[in-house]
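Remarks on the structure that follows.
Within every chain, numbering begins at 1; the chains are lettered A, B, ... in the order of the sequence lines, protein sequences first and strands thereafter.
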Amino acid sequence: MGLVTTPPSRFSLPPSSPNRRKLQESKLGTCFVSQVLHFGYLLRISSDFRLFGIESFHCARLKDGNASGEDYENIDWDTEDELEIENIGPSSCSNGVARNVGTIVSNGEASSSAGISNSKLVQHFLGMGFSEEMIAKAIKENGETNTESILESLLTYGALASEESPDELNSCHLSSPQQQQFVDNGQLSSDYDESVLADLSDSDDSWSGSEIAEINSSLPEHEKAILSLANMGYTIEEASAAIDRCGPEASIAELTDFICAAQMAKTEDVFFEEEKPKISLNGNLKKRKLYELEMWKRKKRKGVQTEDDEVIRLPNPMIGFGTPTDGIVKPHRILPEAAIGPPFFYYENVALAPKGVWDTISRFLYDVEPEFVDSKYFCAAARKRGYVHNLPINNRFPLLPLPPRTINDALPLTKKWWPEWDKRTKLNCLQTVIGSAKLTDRIRKALEKWGADPPQHVQKYVMDECRKWNLVWVGKNKLAPLEPDEVEMLLGFPRNHTRGGGISRTDRYKSLGNSFQVDTVAYHLSVLKDIFPNGLNMLSLFSGIGGAEVALHRLGIPLKNVVSVEISEANRDIVRSWWEQTNQKGNLIHLADVQQLNGDRLEQFMGSFGGFDLVVGGSPCNNLAGSNRVSRDGLEGEQSSLFYDYFRILDLVKCIINKQQ
DNA sequence: TATATAATGAAACCCATG
DNA sequence: CATGGGTTTCATTATATA
């Protein structure tokens, strides 16, 4: 099957990292951690069960009231004394978790919590599946500020409650087919749901166990199985997938085995190895699961995405928060509290990734809304990319001179040979491979058979090849792929940036095809010039040929210390060479592998020059890009899963900065 | 050995149309 | 609102060639 595994213990923190230390110093120690993880596992409704493990290590900031990021650019990040900042360590279930279960709490219960002043805190725990009474009790016992001990109390209540009802525990472990003999009423599933849904969404607890059982017994067989699995703590999506794979006749035991195997294959994460549902759910949660099942069936009928409620859609036109030439500029935005720096961060990847990828990326990067920009608004070639960053977006300015924005202006020598039936004014995305000489030769021969005006089908053939391979006219009937130096120019790099030093022509195309468009990135980074007039320290992950470095340099922002992590030696040589040729005054430190970059190394660097102001990175797109026929496996693909290292390192930097202050 | 070439589709988007 | 045609896409791999 197509499950892609990721290297084991990618998420297990290095032994000496500050996060790990924080865990060890915590009063509750690892037992508490595993309990939290277990509970998160039990309650999640998203299949993204990595999230809990990861996000629970966030150094989240807890702040009462509105989490407004407005005017954050006026905040002096060096003196954060006015902010109430608290590292609440492993018990901080930050945004990701709360959002995952948010669909459950949206129906009422929270609104009646008038007696408690901190409604956000209540919402938070409601979202984790605790009852309002329990939350009120826990807050009363522990006070509103100590989230950790509140959660501890809640977990204790939960454990006690499940011990009190051993019968339910049994009923949730139906493992033999015989026990699944319900009355099959067949077709009524589609019509009754309106009333059921209305009842289910009701917030009171008036449903008795027998009423739930009654509804259960009226469900079709496979939905009963789904519900059984859901009540055992699996997600409805997981349950449905398991039944799809194992067949409708499969026993619950077979289905749980399948789900466990799928989970293991998907994560190989030591944290979850012993995670199997053990605790039964109380009636209230069972009711919720029934409600979830109804919602899921609705979505499935309507063909709506079942994986995620809010699917990020690409904007049209793809101009992000505005471009220099469009006149449309969004003046400001509101960032989620957890996203606000320091450090500033800037993440990039292909916009046209498989569905759900950008939702995941955004969720990990503190719920920041991605900015999707097509670089065809900056230069003569398209480049549809998504950028997640916490930079201010007002008072941006472009690099000067503005680059040519049509093929005609960028490659004036081609104009003479351009036939009128080739209507292109922009090139398509610059990729890592180019059309071959043999291909252009075939096209020339095909054209030479006709006069000035080839027939429609020939024009169609030629144009298809032109668009596919980004060919340009360099002579009569003569097409050619772009030269490496033309690609450099289009992407905003200095001429010969990738030339020489033993790099082959093929590898130049490859490195360039994987790079930033400098003008686009520089436009976004331009706001840093006023903030760091004396220069900045940058951590550059997946540096490639140094697009971010070149952008900052061309903006006139001095580079003080740059730690650049890049796996390809050829690319490191290119950046090193550029660094020397441009007479940089700062220090360039090169590392090869992001996976080797741990908290200790980061602390060393940050201790020696006082922290990073900016963390930039475009993680590998191999498994996301549409051109990949072989291994377009999504964010869990072999290379693209390095995104999680970007997040890991960024979060480490965040933690270390907070610790230093 | 190093480099160039050809073969390898599908997912996701746009947009006009009924 | 569905649908069907049109378009785009930071690529990988085996094989041929120099």
Side-chain angles (χ1 to χ4, degrees), chain A residues 2 301-305 307 311-318 347-359 361 372-376 379 381-387 423-424 426-443 460-461 463-471 480-482 484 487-488 490-493 498 502-518 520-521 542-548 566-568 570-571 617-635 637-640 642-643:
Chain A
R301 272 202 299 278
K302 282 159 67 180
V304 177
Q305 183 92 6
E307 191 68 25
V311 175
I312 292 176
R313 300 194 69 83
L314 300 178
N316 188 13
M318 200 182 281
Y347 174 81
E348 177 259 12
N349 216 321
V350 290
L352 286 86
K355 279 182 177 173
V357 165
W358 277 106
D359 299 87
I361 291 173
F372 293 102
V373 184
D374 189 338
S375 291
K376 75 178 181 184
C379 68
R383 206 166 187 80
K384 299 177 181 64
R385 297 293 180 268
Y387 305 88
K423 308 290 187 192
R424 289 177 298 159
K426 302 276 187 187
L427 292 162
N428 280 337
C429 184
L430 305 169
Q431 310 220 69
T432 56
V433 286
I434 61 163
S436 67
K438 292 208 157 80
L439 170 67
T440 57
D441 193 47
R442 284 196 298 271
I443 294 174
K460 163 89 169 127
Y461 160 69
M463 286 312 303
D464 282 349
E465 298 296 328
C466 281
R467 281 192 281 254
K468 191 194 304 179
W469 294 107
N470 258 336
L471 304 175
L482 295 166
V487 180
E488 286 170 349
L490 287 163
L491 291 176
F493 288 92
T498 59
I503 190 172
S504 74
R505 183 180 166 86
T506 313
D507 285 342
R508 284 182 77 184
Y509 284 117
K510 185 163 203 167
S511 291
L512 285 162
N514 282 309
S515 173
F516 289 167
Q517 206 286 324
V518 171
T520 312
V521 171
F542 315 103
S543 301
I545 58 174
E566 168 57 40
I567 198 76
S568 152
N571 285 345
S619 65
C621 67
N622 304 27
N623 311 114
L624 310 178
S627 307
N628 189 343
R629 273 102 142 148
V630 181
S631 52
R632 195 184 187 188
D633 302 324
L635 205 54
E638 187 181 352
Q639 288 84 28
S640 293
L642 290 172
F643 159 75

- Would you mind classifying the nucleic acid contact of A:Arg467 as base, sugar-phosphate or nothing, using non-hydrogen atoms under 4.0 angstrom? sugar-phosphate

- Task: Mind calculating the distance between CD (A:Glu348) and P (C:dC10) to the nearest angstrom?
- Result: 10 Å

- When the distance from CG of A:Asp633 to C1' of B:dG9 is rounded to whole Å, what number comes out? 15 Å

- Task: Identify whether any heavy atom of A:Ser375 sits under 4.0 Å from a base atom; if not, whether one sits that close to sugar-phosphate; answer base, sugar-phosphate or nothing.
- Result: nothing

- Message: Expressed as a whole number of angstroms, how long is the span from A:Arg442:CZ to B:dA6:C1'?
- Response: 8 Å

- Task: Provide, to the nearest angstrom, the distance between the CG atom belonging to A:Leu439 and the P atom belonging to B:dA7.
- Result: 11 Å

- Message: Rounding to an integer number of Å, can you tell me how far A:Leu490 CG sits from C:dC10 C1'?
- Response: 15 Å

- Is the phosphate of B:dA6, meaning OP1 or OP2, less than 4.0 Å from a side-chain N or O of A:Ser436? yes

- Note on the structure: Sorted by chain and residue number, the side-chain hydrogen bond (donor to acceptor under 3.5 Å, both in side chains) partners of A:Ser436 (sequence neighbours excluded) come out as none

- Task: Not counting sequence neighbours, which residues clear side chain to side chain contact (heavy atoms under 4.5 Å, CB included) with A:Lys426? List them please.
- Result: A:Lys376, A:Arg405

- Which residues satisfy the side chain to side chain contact (heavy atoms under 4.5 Å, CB included) test with A:Ile567, sequence neighbours excluded? A:Asp593

- Query: Under the 3.5 angstrom rule, does the side chain of A:Asp374 hit a backbone N or O of A:Ala382 as a donor-acceptor pair?
  - Reply: no

- Quick one: side chain to side chain contact (heavy atoms under 4.5 Å, CB included) partners of A:Ala625, sequence neighbours excluded? A:Cys621

- Listed by chain and number, what are the side-chain hydrogen bond (donor to acceptor under 3.5 Å, both in side chains) partners of A:Asn623, not counting sequence neighbours? A:Ser640

- Query: For A:Asp464, what residues pass the side-chain hydrogen bond (donor to acceptor under 3.5 Å, both in side chains) criterion, not counting sequence neighbours?
  - Reply: A:Lys460

- Message: Among residues at least two apart in sequence or on other chains, which ones pass ring pair (Phe, Tyr, Trp, His ring centres under 6.0 Å) with A:Tyr347?
- Response: A:Phe643, A:Tyr646

- Query: What does A:Lys460 touch in the nucleic acid at a heavy-atom separation under 4.0 angstrom: a base, only the sugar-phosphate, or nothing?
  - Reply: sugar-phosphate

- Bracket notation of DNA chain C in which parentheses pair within the strand, [ ] cross earlier pairs, and | pairs with another strand (Watson-Crick or G-U, under 3.5 Å): |||||||||.||||||||

- To the nearest angstrom, how far is A:Trp358 atom CH2 from C:dC10 atom P? 11 Å

- Rounded to the nearest Å, what distance is computed from the CD1 atom of residue A:Ile434 to the C1' atom of nucleotide C:dT9? 17 Å

- Message: Could you walk me through whether A:Arg385 and A:Met318 satisfy the side-chain contact (heavy atoms from CB on, under 4.5 Å) test, starting with their C-alpha distance in whole Å, then the side-chain angles of each, then the deciding distance to 0.1 Å, before giving a yes or no?
- Response: CA-CA 9 Å; A:Arg385 297 293 180 268; A:Met318 200 182 281; over 6 Å; no

- Determine the interatomic distance between P on C:dC10 and the same-named atom on B:dA7; round to the nearest Å. 23 Å

- Summary of protein contacts for nucleotides 11-18 of chain C, nucleotide by nucleotide, where a base hit scores B, a sugar-phosphate-only hit scores S (4.0 Å, heavy atoms): BB------

- Message: Can you check the distance between B:dG9 and C:dG6, where both ends of the measurement are the C1' atom (answer in whole Å)?
- Response: 16 Å

- Query: How is A:Lys384 classified with respect to the nucleic acid when contacts are heavy atoms under 4.0 Å: base, sugar-phosphate, or nothing?
  - Reply: sugar-phosphate

Solution key, residues 427-435 of chain A side-chain donor-acceptor pairs under 3.5 Å, sequence neighbours excluded:
from	atom 1	to	atom 2	distance (Å)
A:Asn428	ND2	A:Arg467	O	3.0
A:Gln431	OE1	A:Ser627	OG	2.8

Enumerate all atom pairs, one protein N or O and one N or O from nucleotides 12-14 of chain B, separated by less than 3.5 Å.
from	atom 1	to	atom 2	distance (Å)
B:dA12	OP1	A:Lys355	N	2.8

- Check whether any side-chain nitrogen or oxygen of A:Arg383 sits under 4.0 Å from OP1 or OP2 of C:dC10, and answer yes or no. no

- Note on the structure: Residues passing the side-chain hydrogen bond (donor to acceptor under 3.5 Å, both in side chains) test with A:Tyr387, sequence neighbours excluded, are none

- A:Glu465 CD to C:dT8 C1', straight-line distance once rounded to whole Å: 14 Å

- Task: Please round to the nearest 0.5 Å and tell me the distance separating atom CG of A:Asp633 and atom CG of A:Asn628.
- Result: 7.5 Å

